[in-house]
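Below you'll find the structure, written out as structure tokens, and then a few comments.
All values below come from the heavy atoms of this structure, side chains included, with hydrogens, waters and symmetry mates left out. So that the names make sense, note that chain A is the first sequence line, chain B the second, and so on, each numbered from 1.
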Number of protein chains: 2
Amino acid sequence: MSLMNDHVVLAIVEDHPIVIEGLKTLLKEEPQITIAGSFTRGSDFMEFLRHHKVDLVLLDIMLPDTSGMDLCRDIKKLSPDTVVLALSNHTERSIILQILQYGASGYLVKNVSSTELLNCLKEALRGEITFSQEVKEIITRPAQHEFKQVPTLTKREKQILQLVSQGKTTPMMAQELNVSPLTIETHRRNLLQKFDVKNVAELMMAAVQHKMITGY
Amino acid sequence: MSLMNDHVVLAIVEDHPIVIEGLKTLLKEEPQITIAGSFTRGSDFMEFLRHHKVDLVLLDIMLPDTSGMDLCRDIKKLSPDTVVLALSNHTERSIILQILQYGASGYLVKNVSSTELLNCLKEALRGEITFSQEVKEIITRPAQHEFKQVPTLTKREKQILQLVSQGKTTPMMAQELNVSPLTIETHRRNLLQKFDVKNVAELMMAAVQHKMITGY
DNA sequence: TTTTTACTACTGGTTTACCAGTATTTTCCG
DNA sequence: CGGAAAATACTGGTAAACCAGTAGTAAAAA
């Protein structure tokens, strides 16, 4: 892990060109920081990371192609010493804490000031967990309904959940996924169990509450 | 209204310093454009506008202090010739159309490319209504659920819908409401019909989308 | 390497939901 | 009061969901 007086190689993974430019402009002032590149797609960055050393990644967790969460995990798996700072406008406590579990070293909302941004970068490079001011406030003020933990679903389960929310029946899903209806039933059963609900109606409501299905 | 070969005075009203920097950087390349200033609060900009001529405003409609909608209206009231381009990440059709009603000349999502941004600026300055690519698609492809009007439910049906969303089964509801299970079934059937869905999963999703059940 | 997790698949049930009608009673508005 | 809308109830059937197990295989984690 780089110390703050070392030279820092930084990458930006972010969907919005404007934000990329803004970050670059702000960080260009810092002589210790080299911007290795900016990426609008997670897969592109992963490819880059396979061939280059990156000390710190500013990662928008709301990317279109892959979930930023998954990407964060992939980054830490491939290059554990790379510090990941999550960048988003999401201000929900559960999401912030979740990204930390995926290996991020901090969470910044996009309205950080430049001084705040640089401070957080330095803290993160020192190995600390760091947040922008607004996020700190969110963290310290937990909401009641956020106590019940969000069940972790497998990829297949997420897929089934999505299909169920679209009104698909078990045989329809079986055909669509080329598996036995009995398999689908098993997934459904596990979903009900994981969410601790006893029918589809409750399942949908729980999934919506946990924002595991978009609704649109 | 300035033509594109005139000199254009531009202002940015935007909460996120990073985005401000990004916009400045992208627009700095254009010699015809002078950036009069950037403002993180609507009230600051209104004060500025009282004493300076501004041709075009890039306005984040998600500002913290005042609603961006209201600010847009105020700008057009004070200086009708100032072109307002809304800037946001909101991708809901209704919101986009609303801001146009408040006098904006276009709507850009923040993931516009720089060329797209400049194109939109030019179009707007020519007096046209302009959108970034993603927004165009949203406008021309209205979601299905925005067409079919919200079904009107009877008091009893709303009650049943609520109970269903709590995971109650038909016999449970029958007991709770002291009616025959067959009655409950009829209500359920009518709910499915009114929402034009074919099972509970879809019903829940539709009800959530129409905000007919809270979710919390 | 061992263990765990995820995905797959099955048996044999029970329960609940869904469909298409019809029909009676209650409620509420003009 | 009369009529419409809503709520109630029923028949009779089909489809889907839900339950409780068991279990093989492949891939990932310890």
Between P of dC7(C) and CG of L177(A), the distance in whole Å: 11 Å
S79(B) meets the side-chain contact (heavy atoms from CB on, under 4.5 Å) criterion, sequence neighbours left out, with L49(B), T82(B)
Is the closest basic N to carboxylate O distance between D55(A) and K53(A) below 4.0 Å? yes
Tell me, please, which residues at least two apart from E128(A) pass side chain to side chain donor-acceptor pair (under 3.5 Å). R126(A)
Can you list the residues that meet the side-chain contact (heavy atoms from CB on, under 4.5 Å) rule with K168(A), with sequence neighbours excluded? L163(A), Q166(A), M172(A), M173(A), E176(A)
With sequence neighbours left out, write down each residue that passes side-chain contact (heavy atoms from CB on, under 4.5 Å) with P171(B), or none if nothing qualifies. T169(B)
Quick one: side chains of residues 191-200 of chain A, donor-acceptor pairs under 3.5 Å with protein atoms, not counting sequence neighbours, listed by atom name and distance.
| residue | atom | partner | partner atom | Å |
| --- | --- | --- | --- | --- |
| K194(A) | NZ | T152(A) | O | 3.1 |
| K194(A) | NZ | E157(A) | OE1 | 2.7 |
| K194(A) | NZ | E157(A) | OE2 | 3.4 |
| K198(A) | NZ | G167(B) | O | 2.7 |
| N199(A) | OD1 | A201(A) | N | 3.3 |
| N199(A) | OD1 | E202(A) | N | 3.1 |
| N199(A) | ND2 | G167(B) | O | 2.7 |

Taking atom C1' of dC18(C) as reference, at what distance in whole Å does atom CG of L182(B) sit? 13 Å
dA9(C) C1' sits how many Å from I160(A) CD1, rounded? 14 Å
Does F45(A) have any ring-ring contact (aromatic ring centres under 6.0 Å, His included) partners at least two apart in sequence or in another chain, and if so, which? F39(A)
Residues forming a side-chain contact (heavy atoms from CB on, under 4.5 Å) with K155(B), sequence neighbours excluded: none
In this structure, how many angstroms lie between the P atom of dA7(D) and the CG atom of L161(B), rounded? 13 Å
Whole angstrom is fine here: how far is it from CG in N178(B) over to P in dT8(D)? 10 Å
Between the protein and nucleotides 3-6 of chain C, which nitrogen or oxygen pairs come in under 3.5 angstrom?
none

Let me have a per-nucleotide readout for nucleotides 16-26 of chain D, 5' to 3', with B, S or -, counting only protein heavy atoms under 4.0 Å. -SBBBB-----
Are T183(B) and dA9(D) close enough that a side-chain N or O sits under 4.0 Å from OP1 or OP2? yes
Angle of first-five versus last-five pair axes in the helix from dT1(C)-dA30(D) to dG30(C)-dC1(D), to 10 degrees: 70°
Sequence neighbours left out, what passes side chain to side chain donor-acceptor pair (under 3.5 Å) with S165(A)? Give chain and number order. none
In whole angstroms, the gap separating C1' of dC18(C) from CD1 of I184(B) amounts to 15 Å
Taking C-beta and beyond as the side chain, do L117(A) and L27(A) meet within less than 4.5 Å on heavy atoms? yes
Whole-Å distance separating the CD atom of Q159(A) from the C1' atom of dC7(C): 12 Å
In whole angstrom, give the distance that lies between atom CG of N190(B) and atom P of dC19(C). 11 Å
Applying salt bridge (Lys or Arg N to Asp or Glu O under 4.0 Å), which residue pairs with at least one partner in residues 98-117 of chain A are found, sequence neighbours left out? E14(A)-K110(A), D60(A)-K110(A)
